Amino acid sequence: MSNPRTTMSGPVHLSLPRTPPDPAPGCGVCAALVSQRQAARDRGDLSAATDADVEIRNHPHRTHGQGQS
C-alpha cells in the first residue's frame with residue numbers, strides 16, 4: 001500500500017498582471033491589435049485580450065530611426 005500525502009503544500013504566490021503594452025506610434029499593426037484587445041475586453045474574452053497584449057509586446061519594430069514596420 002502506498003503512503004498518501006496527507007498535508008497541504010505551501011501557499012501559491014501570484015503576482016499582479018502585467019500592465020498592457022503600449023502600441024508603437026504610427027504602427028498600423030499595433031493599432032489594429034489595440035482595437036482587437038479592446039473588443040475582446042468588451043465581450044469579456046480576457047484570453048483573447050491577453051493574446052493581443054502578447055502580440056503587441058512581441059511585434060517587431062525597426063530601430064535606429066528607420067521607421068516602423
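Numbering starts at 1 and runs along the sequence shown. Everything numeric in this text was worked out from a predicted model, so none of it was measured.
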**OP:** To the nearest 0.5 Å, tell me how far T50 OG1 sits from E55 CD.
**Re:** 11.5 Å

Subject >> Listed partners of A49 passing side chain to side chain contact (heavy atoms under 4.5 Å, CB included), at least two apart >> reply: R37, A40, R41

**OP:** Tell me, please, which residues at least two apart from T19 pass side chain to side chain contact (heavy atoms under 4.5 Å, CB included).
**Re:** none

Subject >> Sole candidate of P25, P23, C30 that passes side-chain contact (heavy atoms from CB on, under 4.5 Å) when paired with C27 >> reply: C30

Original post:
What residues, two or more places apart in sequence or in another chain, satisfy side-chain hydrogen bond (donor to acceptor under 3.5 Å, both in side chains) together with D42?
Top reply: Q38

Original post:
Which other residues end up in the same hydrophobic cluster as L14, if Ile, Leu, Val, Met, Phe, Trp and Tyr are linked when side-chain heavy atoms come under 4.5 Å apart?
Top reply: V12

Subject >> Closest heavy-atom pair and its distance - I56, D22 >> reply: CG2-O, 3.9 Å

Original post:
Can you name the salt bridge (charged side-chain N to carboxylate O under 4.0 Å, His left out) partners of R43, sequence neighbours left out?
Top reply: D45

